[in-house]
Number of protein chains: 2
Amino acid sequence: MKIEVVADIDSSLAPWIGKTSKIVDYYLQDALQQHGFKLTKEQFVLLKKLTEKDGLNQNELASLLYRDKSTMARLLAKMEKKGHVRREQSHKDKRINKIYITEKGKLTFDKTIPVVARIINILEHDITQTEKEHMINILKKVQSNLKLKPALPQERS
Amino acid sequence: MKIEVVADIDSSLAPWIGKTSKIVDYYLQDALQQHGFKLTKEQFVLLKKLTEKDGLNQNELASLLYRDKSTMARLLAKMEKKGHVRREQSHKDKRINKIYITEKGKLTFDKTIPVVARIINILEHDITQTEKEHMINILKKVQSNLKLKPALPQERS
DNA sequence: TAACATTGGTTGCGTATGCAACTAATTCTT
DNA sequence: AAGAATTAGTTGCATACGCAACCAATGTTA
C-alpha cells in the first residue's frame, strides 16, 4: 500500500522535471566554465535579463528571475564587484537601486551566448518543433496549476 | 542578429524546464515546512531512496541522487544527527559507510508521503495520462542527449 | 504634522551544491 | 612484499538560496 504511493511519485512528472533540470544546469555550468568564462548560470541569466531590460530595481529583478530579494542582492553585489553591472541609487526614491549592465557585462554576455546556444542545440537534438511546443504547453500548465495555490516569493519570469 | 539568438534561448526547452522545476521545488519545500516536518526536499528524496534500498554506501547514494559525494556526506551527517539515518562502517572495507534508514526515519517518511502526493496531484491537474507519458519520454530524450556528451559527476538516478 | 504602515535593500543564519585537496584504506603492479 | 594507483569519505572554499529580522526612506492616516 505504501509501495503504491511511492510508485506514484516515481511515475509522476515531478522527479523527471527535477532531474532533467539538474542535468541541464550541470551541463550549462560546465560549458560556461570550460570556455573560460567565470560566469555561473545564475549570472548569465541575470545578464540576459539586463540585456533585455535595463534600469530595473533589485526587487523587480528578483521577481523576474524568481529569486528572493536577498539572493538577488548578493548576486548583484558579486556582479558589481566584477564590473558586469552598475548599481545606481534613484534620485526620486533613495531606497531604490537601479541596475544597469556595463559594457564589460555586455561583452561577456555576447561571448557567452554561443556556448549556451550550443548546449541548447545538443539538448534538443532529435526533438521536433511540435514536440517542443507541446512540452512547453504542458510545462505552462504545471506552472499555472501551482500558481493558483499558495503564495510564491513573487511573480513570474 | 543577437536578438535572434536571445529569442532562440527563450523559445527553447531549457528555461521552461528550469523554471518549472524551480516552482515545483518551491511548493514542495513549502508544503513540507507547513506541515511541521523539518524535512527539506533533499532529505525527503534521500529517505525515499533509502526506503527503496538500504545499506548503500555514500558514493552510491550520491550517484543515485545525482549529487557530489561531498554534498551527500554533509546531507548524511545532518540526517544522522537528526536520527533519521544510521552510518555503519563496513567490516570488510573500512573505507565504506553503509547507510541505513532508522525507525524514526521511516516514520517521518511515511508521514510525509501524503503531503508530497498532494503536491503532485495539484501539479498534474488537467494533464492526461498520455500527455504525461509523452512528456516523460521527451524529458528522457533530453537527458540522453546530454548524457552522451561530456562527463557528469556520476551516473543516473 | 505625528504616528503608523509599507517598501527596497542588507545581513545573519541554516541549508545545499560542486570542486579541489586531502587522508586512510584497499587494490594493482612490478 | 613494496611502491604506485585507486577509492571512500572529509574538509575548505566559493556560490547560491530562502527566511526572518532589521534599517532607512517613503506613503498613509488620523
Side-chain angles (χ1 to χ4, degrees), chain A residues 18 21-23 25-34 37-46 55-82 87-99 150-154, chain B residues 18 21-23 25-34 37-46 55-63 65-82 84 87-99 150-154:
Chain A
S21 172
K22 211 179 246 292
I23 296 179
D25 282 1
Y26 183 84
Y27 273 74
L28 202 52
Q29 195 62 63
D30 189 64
L32 286 173
Q33 300 305 322
Q34 291 209 339
F37 306 109
K38 288 177 198 135
L39 277 191
T40 64
K41 178 205 140 211
E42 290 74 21
Q43 291 167 1
F44 172 78
V45 172
L46 171 66
L56 295 164
N57 69 37
Q58 300 194 183
N59 275 353
E60 289 167 337
L61 275 173
S63 183
L64 288 169
L65 300 183
Y66 210 72
R67 273 171 197 92
D68 188 79
K69 59 183 184 170
S70 63
T71 302
M72 184 52 63
R74 283 183 266 245
L75 177 58
L76 288 170
K78 272 164 211 139
M79 293 299 271
E80 190 180 37
K81 204 189 292 181
K82 285 202 206 176
R87 285 203 264 196
E88 195 177 279
Q89 194 181 44
S90 162
H91 300 299
K92 292 155 193 130
D93 187 339
K94 286 182 198 159
R95 290 171 303 181
I96 288 177
N97 290 338
K98 297 196 164 194
I99 312 296
L152 280 171
Q154 275 104 357
Chain B
S21 172
K22 209 177 246 291
I23 296 179
D25 281 2
Y26 183 85
Y27 273 74
L28 202 53
Q29 194 63 62
D30 189 64
L32 287 174
Q33 300 305 320
Q34 290 209 339
F37 306 110
K38 289 179 197 134
L39 277 192
T40 63
K41 177 207 139 209
E42 291 74 21
Q43 291 166 2
F44 171 79
V45 172
L46 172 66
L56 295 165
N57 68 39
Q58 300 194 181
N59 276 353
E60 289 166 338
L61 275 174
S63 182
L65 300 183
Y66 210 73
R67 272 172 197 92
D68 188 79
K69 59 185 183 169
S70 64
T71 302
M72 184 51 63
R74 284 182 266 243
L75 178 58
L76 288 170
K78 271 164 212 141
M79 294 297 272
E80 189 180 38
K81 204 189 292 180
K82 285 202 207 176
H84 292 311
R87 285 203 263 197
E88 195 176 279
Q89 193 182 44
S90 162
H91 300 299
K92 291 157 195 129
D93 187 340
K94 286 181 199 161
R95 292 171 303 181
I96 288 177
N97 290 337
K98 296 196 167 196
I99 313 297
L152 280 171
Q154 274 104 357

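Numbered from 1 within each chain, the chains take letters A, B, ... in sequence-line order.
- For K22(A), a side-chain nitrogen or oxygen approaches OP1 or OP2 of dT17(C) to under 4.0 Å.
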### Summary
Readout for nucleotides 2-11 of chain D: B = base within 4.0 Å of protein heavy atom, S = sugar-phosphate only, - = neither; 5' to 3' it is -----BBBBB

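- Rounding to whole angstrom units, CD of residue Q43(A) and P of dT15(D) are separated by 8 Å.
- A distance-only check finds no donor-acceptor pair linking the side chain of Q33(A) to the backbone of T40(A) [under 3.5 Å].
- When distances run from any side-chain atom of Y26(B) to the nucleotides dG18(D), dC17(D), dT15(D), the shortest one goes to dG18(D).
- Every side chain to side chain donor-acceptor pair (under 3.5 Å) that R95(A) has, sequence neighbours left out, goes to D93(A).
- The distance from atom NZ of K94(A) to atom C1' of dT7(C) is 16 Å, rounded to the nearest whole Å.
- Contact annotation for K92(B): backbone-only contact, meaning every heavy-atom pair under 4.0 Å involves sugar-phosphate atoms and none involves a base.
- The distance between atom CZ of R67(B) and atom C1' of dT15(C), rounded to the nearest whole Å, is 12 Å.
- Distance CD (E80(B)) to P (dT15(C)): 15 Å, rounded to an integer number of Å.
- Using a distance-only test at 3.5 Å, with no hydrogens or angles considered, no donor-acceptor pair links the side chain of E88(A) to the main chain of K98(A).
- Among all heavy-atom pairs drawn from L46(B) and L65(B), the shortest one is CA-CD1, 3.9 Å.
- Annotation for Q43(A) and K38(A): closest pair OE1-O, 3.5 Å, computed over non-hydrogen atoms.
- Atom CG in L75(A) sits about 17 Å away from atom P in dA14(D), given to the nearest Å.
- The NZ atom of K81(A) sits 11 Å away from the C1' atom of dA14(D) (whole-angstrom rounding).
- In this structure, Q29(A) does not reach the dA16(D) phosphate: none of its side-chain N or O atoms is under 4.0 Å from OP1 or OP2.
- Counting all heavy atoms, side chain and backbone alike, Y66(A) lies closest to I23(B) at OH-CG1, 3.4 Å.
- In this structure, E42(A) and H91(A) both approach DNA chain D, and ranking their closest nucleotides by distance from the 5' end singles out E42(A).
- Residue K78(B) has a polar side-chain atom (N or O) positioned under 4.0 Å from OP1 or OP2 of dA16(C).
- Distance, D25(A) CG to dT15(D) P: 18 Å, rounded to whole Å.
- Straight-line distance from the CE atom of M72(A) to the P atom of dG8(C): 14 Å, rounded to whole Å.
- In this structure, CD in E42(B) is found 9.5 Å from CG in L28(B), a value given to the nearest 0.5 Å.
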